[in-house]
Amino acid sequence: DAPAAGKLSTRFDLEKETELRFEVEAAEAAEQVELELLTGMAEVFGSELNRNKKYTFGPGSKIAVFTWQGCSVNLYGKPEVAYVSKDTPMLLYLNTHAALEQMRKQAERDNERGPRVMVVGPTDVGKSTVCRLLLSYAVRVGRRPTLVELDVGQSGVSVPGTVSALCIERPADVEEGFSVQAPLVYHFGSTTPGTNIKLYNKLTSCLAEVFSQRCEVNRKASVGGCIINTCGWVKGSGYQALVHCASTFQVDVVLVLDHERLYNELKRDLPHFVRVVLLPKSGGVVERSKDCRREAREEKIREYFYGFRGVSFYPFSFEVRFSDVRIYKIGAPSIPDSCLPLGMSQDDTQLKLVPVTPGRDLTYHVLSVSSAEDGEEGVRKGIVESPVCGFIVVTYVDTQAQVMKVLSPAPRPLQRHTLLIMDIRFMDMK
Ligand code: ATP
């Protein structure tokens, strides 16, 4: 467990309620940085560190080690930056957790449901981090909250282009985040809600419905409540999507990170019993460039097929005959209202299943494998609202032979034959 010989070691003594922030260089060849707690107690985004254990962080990691009581830690290797900050909003975040916990206690007493919380704000304000923190604190006091992930660009649960829900049973792993077992995932198909806002709202409602059903049969889930992570798009239809989410999930609390206007708008537009709270962002949250976000998305897809850190997966590559599958895109291009068939609205076109004729342009596209039972026309209706059971990537298309080669986590044959195409592509460089 000793750090690699010759690795630079730097010790930091942290006073109580301060945090050490460090970043690991993003280049793939960058040296990993190891963290070790020597004395005292500390946590990383709500998960406690064990003493004398070395935690490894790979390229691109941006980490904060916070201590309530004071501690000393060692960093091994050369982080891109490392500094201690006294100025953190952690006390406010802890108070937020305490208030939510009060609501859970009350729910338990009165046989009601626990808090449903929506976290909103523009990009790069630390929404995902606040969600992780609140969820980890909740599990640490014995709760079973649900994470609802609505950020289709940077999903913490599944591949990009999806929305999902995950029951949280233990605090996030310091190095790897939450253990993702049996999430409920829906296909959206692109990385911004704006490409099909009707579909986005529809899927939000699907998640809300499934969550409510689970709460009806599972008391712990009901008391635990949920924490909803949203997209950073807070204007126009993006804002309307937040209002829709608040209503369909019947949220009790909205945490607005670092955006006063959004806070005022939500206070104005949401029912008075919804508590809207403005919280500052942490100075440690690092802005991410477009490239950085794209890389993070690619990495998420690579992890899905190949695993990460100690766990390696070995995906399969095989041919699928066009005649064995049905590929759809959700949403037809919008057409002027005057051209719509009688009785049809734009809503219908955005949720419509459009059959895709396989061709070369399918190459590299990520396809969701729908859990909908295979069937003919009549059964098609449920496909949009059906969760997905996995993903494949098209690696080669042979139009002559009418087959496509795919990368798949499971061996052939595909268990389901209804595939939904994403705008998102993945070029397998392995
Ligand atoms: P998005 O725009 O993708 O929705 P976000 O608002 O959810 O972003 P996060 O993903 O929570 O933001 O945070 C952005 C980055 O900043 C992450 O890599 C996270 O690890 C890092 N980060 C968050 N808080 C801190 C902190 N206090 N110190 C150092 N790094 C931090």
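Nothing fancy with the numbering, it's 1 onward along the sequence. All ligand and atom numbering here is 1-based and tracks the order in the structure. Only this structure's heavy atoms are used, side chains among them; waters, hydrogens and symmetry mates stay out.
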- Message: Using every non-hydrogen atom in the two residues, find where Ser237 and Ile197 come nearest and quote the distance to one decimal.
- Response: O-CD1, 3.8 Å
- Do Tyr304 and Ser158 touch side chain to side chain, with heavy atoms closer than 4.5 Å? no
- Task: Verify whether the ring centers belonging to Tyr93 and Tyr137 lie closer than 6.0 Å.
- Result: no
- Message: For atom 5 (P) of ligand 1, which of the options Glu287, Lys281, Lys127 provides the nearest non-hydrogen atom?
- Response: Lys127
- Query: What's the shortest distance from atom 29 (C) of ligand 1 to any protein heavy atom, and which residue and atom give it?
  - Reply: Gly284 O, 3.3 Å
- Message: Apply salt bridge (Lys or Arg N to Asp or Glu O under 4.0 Å) to residues Arg143 and Glu108 and explain how you reach the verdict.
- Response: CA-CA 11 Å; Arg143 302 298 179 186; Glu108 231 165 14; 3.0 Å; yes
- Query: So which heavy atom in the protein is nearest atom 7 (O) of ligand 1, and how far is it from that ligand atom?
  - Reply: Ser128 OG, 2.7 Å
- Query: What do you reckon, does Phe22 put a non-hydrogen atom under 4.0 Å from ligand 1?
  - Reply: no
- Between Phe391 and Ile301, is any pair of side-chain heavy atoms under 4.5 Å apart? no
- Is there side-chain contact between Lys300 and Arg297, with heavy atoms separated by less than 4.5 Å? no
- Task: Start with the C-alpha distance between Phe249 and Ile228, add both sets of side-chain angles, then the distance that settles side chain to side chain contact (heavy atoms under 4.5 Å, CB included), and finish with yes or no.
- Result: CA-CA 9 Å; Phe249 269 93; Ile228 307 167; 3.6 Å; yes
- Item | Nearest protein heavy atom with distance in Å, relative to atom 11 (O) of ligand 1 | Thr129 OG1, 2.5 Å
- Message: I'd like to check which ligand 1 atoms, numbered from 1 as shown, lie under 4.0 Å from a non-hydrogen atom of Thr123.
- Response: 2 (O)
- In the protein, what heavy atom is nearest to atom 26 (C) of ligand 1, and what distance, to one decimal place, separates them? Ala64 CB, 3.5 Å
- Item | Lys62 and ligand 1 - part of the residue with a heavy-atom distance under 4.0 Å | both
- Query: Given side chains that start at C-beta, do those of Arg21 and Ser85 come closer than 4.5 Å, heavy atoms only?
  - Reply: yes
- Is it the case that Ser72 and Thr39 place a side-chain donor and acceptor less than 3.5 Å from each other? yes
- Message: Taking 4.0 Å as the limit for heavy-atom contacts, which would you say applies to Ser282 with ligand 1: side chain only, backbone only, both, or neither?
- Response: side chain
- Message: Give me the nearest non-hydrogen protein atom to atom 27 (N) of ligand 1 as residue plus atom name, then the distance to 0.1 Å.
- Response: Glu19 OE2, 2.9 Å
- Subset of ligand 1 atoms that lie under 4.0 Å from at least one heavy atom of Val125: 6 (O)
- State if Ile63 counts as touching ligand 1 under the rule of any non-hydrogen atom under 4.0 Å. yes
- Check if Arg293 has a non-hydrogen atom at a distance under 4.0 Å from any atom of ligand 1. yes
- Message: Ignoring hydrogens, what is the shortest heavy-atom contact between Pro387 and Tyr186? Give both atom names and the distance.
- Response: N-CE2, 3.7 Å
- Query: Looking only at protein heavy atoms, which one is nearest to atom 2 (O) of ligand 1, and how far off is it?
  - Reply: Asp124 N, 2.9 Å
- Non-hydrogen atom of Gly232 closer than 4.0 Å to ligand 1: no
- Counting only heavy atoms, which portion of Leu257 has something under 4.0 Å from ligand 1: side chain, backbone, both, or neither? neither
- Item | Over all atoms of both residues, closest heavy-atom pair of Thr67 and Met41 | OG1-O, 2.7 Å
- Message: What protein heavy atom lies closest to atom 16 (O) of ligand 1? Include the residue and the distance to one decimal.
- Response: Val286 N, 3.3 Å
- Note on the structure: of all protein heavy atoms, closest to atom 8 (O) of ligand 1 is Arg288 NH2, 3.0 Å
